[in-house]
Amino acid sequence: MNLQILIFVAIAIIIGMCCGAVIVFFIVVQRRRQKVDSLVSTKSLIGLLATVEIPFDRTCKGKVRIKIKGSMLDFTAGTDDPIGFKAGDKVLIVETKENQVWVVGENYLNR
């Protein structure tokens with residue numbers, strides 16, 4: 001009787017380990033198929049709205065903050081717009097050069 005119980009327990013343990021191994025295998029395969037990319041290219045910023053952190057105009061640079069992919073990123077910003085921007089203004093990113101963004105006012109498209 002005790003031998004039968006030991007055999008059933010051994011079989012149950014082996015089946016449990018096999019099922020666990022199969023599940024782990026499928027998880028590993030699924031994770032390898034996922035593409036995780038937390039890097040933000042400057043080209044992906046074009047068309048996004050940003051908030052001015054450090055005021056600027058066409059004669060000097062400032063800083064804008066962008067929320068993208070769950071992170072807040074700060075960039076040096078410039079503009080050719082004759083109207084300057086103050087802290088808290090919303091701006092539209094229209095171009096990127098190196099690590100700088102070029103912006104226009106949020107209402108630029110409504111003109």
Minimum heavy-atom separation for Ala77 and Phe56, please, with both atom names.
CB-CZ, 3.8 Å

Separation between CD1 of Ile83 and CZ of Arg58, rounded to the nearest 0.5 Å
10.5 Å

If you define the side chain from C-beta out and look only at heavy atoms, does anything of Phe85 sit under 4.5 Å from Val64?
no

Hydrophobic cluster membership, [X] vs [Y], 4.5 Å side-chain cutoff:
X: Trp102; Y: Ile46; answer: no
X: Ile68; Y: Val52; answer: yes
X: Ile54; Y: Met72; answer: no

Side chain to side chain contact (heavy atoms under 4.5 Å, CB included) with Val101: of Thr76, Thr79, Leu45, Leu48, only one passes, and it is Leu45

For Arg65, enumerate each residue passing the side-chain hydrogen bond (donor to acceptor under 3.5 Å, both in side chains) test, keeping only those at least two apart in sequence or located in another chain.
Asp74

Below 3.5 Å, can you tabulate the donor-acceptor pairs from side chains in residues 86-98 to any protein atom, sequence neighbours excluded?
{"unit_1": "Asp89", "atom_1": "OD2", "unit_2": "Lys86", "atom_2": "N", "d": "2.9"}
{"unit_1": "Lys90", "atom_1": "NZ", "unit_2": "Thr51", "atom_2": "OG1", "d": "2.9"}

How does the hydrophobic cluster around [X] look, that is, which other residues are in it when side-chain heavy atoms under 4.5 Å mark a link?
X: Ile23; value: Ile27
X: Val22; value: Phe25, Phe26, Val29
X: Val24; value: Val28

Mind checking salt bridge (charged side-chain N to carboxylate O under 4.0 Å, His left out) for Asp57 and listing every partner two or more places apart, or none if nothing turns up?
none

